[in-house]
There are 2 protein chains.
Amino acid sequence: MKLSQGVEWSVHCAVLLAQGPPGTVASRRTLAGFYGLPEAYLAKHLKSLVRSGVLHATSGPRGGFRLARPAAEITVLDVVEAVEGEASAFVCTEIRQRGVCAIPAEQCVRRCTVDRIMQDADDAWRESLRGRTIGEIARGLSPEVRERSRGYLAENRPA
Amino acid sequence: MKLSQGVEWSVHCAVLLAQGPPGTVASRRTLAGFYGLPEAYLAKHLKSLVRSGVLHATSGPRGGFRLARPAAEITVLDVVEAVEGEASAFVCTEIRQRGVCAIPAEQCVRRCTVDRIMQDADDAWRESLRGRTIGEIARGLSPEVRERSRGYLAENRPA
DNA sequence: GTTTCAATACTCGGATAGCCGTTGTCCGAGTGTTCGGGG
DNA sequence: CCCCGAACACTCGGACAACGGCTATCCGAGTATTGAAAC
């Protein structure tokens, strides 16, 4: 089990946008350049963030990406689910109903215990990410870093 | 992000072994037949469980797999980590140290906040799985299921 | 000087190849049984 | 009847293909700018 690399990129990009003034817009070139990431591939993930309603995109000059909501209302889970999907990591295939000792469906009134345990763990994981917001991360960065980020965003702000 | 299918199979197989008397041995053919799983592929995962010290394997006739410890001392996390590995799902590549605004290494005394949040979530996931044991699952099954499992294990017990 | 319009340059979005890991399968090494032969 | 040995059958272990998804990239559609030309 391994998370997509796009998760790290997406969270950092969202945090970068959150460091600027509300409504800050940055093109994918600007975002990719800040972290030294491949621009074309990063675009794929940014597109997912737009589809999920985390970011808002505008075309043309002066266009780019901006946060769709205040940073304090965007959880890390929102970003992760935008990239990885909302599906649980564990999918129960009901193997207890297969094989020579298959349990009849009428005896399967209770959910598979293994499934329940795995889903509980998945819920704990998501709950942990749901409690952290992009705004919280941006606010916790050192003043030097925030200042440098704001400067870069202002420089590369579309005319 | 998707967990390997072997996780479900492995947990169920461990629970099946836990339903029999302590020291119950079952060959991979017996285990695969019980759930209607492809024997050859299941063997791959059972091998991982042996490497991780969850199961103990013996060769030859009357051989097979048995739990390496009492079922109450085997956590679901033990089984999951045996199949999926102990590595965290998130790997921080320190992208803050790359790009045009790279933060110098000397300013990176604190761990990357994003990394810490992702690791916290990963820890919560693992902690949830660490709290559940194979024995607990086996004990919670209905008497009918347990009886049927014990019967199957006794029938296919190596002579 | 003001208005209009067309060319422009920059943006995002979808469609298209490449590589690594999970999936799936096979055959070989090792071991306890067991059956036959000899004492 | 008991002992010995060799063949056997059954087990696990590691090595070898095939598919799917993440990785990586490109080009096309759309839009605000901007500059010049006409009024």
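Because only heavy atoms are used, hydrogens play no part in the values below, and waters and symmetry mates are left out as well, while side chains stay in. Every chain is numbered from 1 and lettered A, B, ... according to where its sequence line falls, protein lines coming before strand lines. Owing to the predicted nature of the structure, the values given are computational and were not obtained by experimental measurement.
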- Query: Do Gln5(B) and Thr93(A) have side-chain N/O donor and acceptor atoms under 3.5 Å apart?
  - Reply: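 No.
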- Item | Polar side chain donor-acceptor pair, Thr133(B) to Glu73(B), under 3.5 angstrom |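 Short answer, no.
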Whole-Å distance between [N] [atom2] and [X] [atom1]?
| X | N | atom1 | atom2 | answer |
| --- | --- | --- | --- | --- |
| Arg62(B) | dC12(D) | CZ | C1' | 17 Å |
| Glu84(A) | dG21(D) | CD | C1' | 11 Å |
| Leu37(B) | dT25(C) | CG | C1' | 15 Å |
| Leu55(A) | dT11(C) | CG | C1' | 15 Å |
| Leu42(B) | dT25(C) | CG | P | 12 Å |
| Leu3(A) | dG21(D) | CG | C1' | 14 Å |
| Arg29(B) | dT25(C) | CZ | P | 14 Å |
| His56(B) | dT11(D) | NE2 | P | 16 Å |

Which nucleotide sits closest to the side chain of [X]: [options]?
| X | options | answer |
| --- | --- | --- |
| Pro38(B) | dA24(D), dT25(C), dT31(D) | dT25(C) |
| Ser59(B) | dA32(D), dG14(D), dC12(D) | dC12(D) |
| Trp9(A) | dG32(C), dC10(C), dA24(D) | dA24(D) |
| Gln5(B) | dG13(C), dG24(C), dC26(D) | dG24(C) |

- Message: Counting C-beta onward and ignoring hydrogens, is there a side-chain heavy-atom pair between Met1(B) and Met1(A) closer than 4.5 Å?
- Response: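 In short, these two side chains touch, coming nearer than 4.5 Å.
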Return no unless some side-chain N or O of [X] is found under 4.0 Å from OP1 or OP2 of [N].
| X | N | result |
| --- | --- | --- |
| Ser4(B) | dT23(C) | yes |
| Arg28(B) | dC12(D) | yes |
| Tyr41(A) | dT23(D) | yes |

- Does Lys44(B) or Thr30(B) map to a spot on DNA chain D nearer the 5' end, using the closest nucleotide for each?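 Closest to the 5' end, via its nearest nucleotide, is Thr30(B).
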- Message: Just checking Phe65(A) against His56(A), ring centres under 6.0 Å apart?
- Response: no
- Message: Is there, by distance only and without an angle test, a donor paired with an acceptor across the side chain of Arg51(A) and the base of dG13(C) below 3.5 Å?
- Response: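 No, the side chain and the base share no sub-3.5 Å donor-acceptor pair.
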- Message: So, under a plain 3.5 Å distance rule, would you say the side chain of Lys2(B) forms a donor-acceptor pair with the base of dG21(D)?
- Response: no
- Query: For the residue pair Leu3(A) and Trp125(A), what are the closest heavy atoms and their distance?
  - Reply: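 Minimum heavy-atom separation between Leu3(A) and Trp125(A): CD1-CZ2, 4.3 Å.
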- When all nucleic acid strands are considered with a 4.0 Å heavy-atom cut-off, which category describes Ala57(A): base, sugar-phosphate, or nothing? sugar-phosphate
- For DNA chain C, whose closest nucleotide is more 5', that of Met1(A) or that of Thr58(A)?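 Result of the comparison: Thr58(A).
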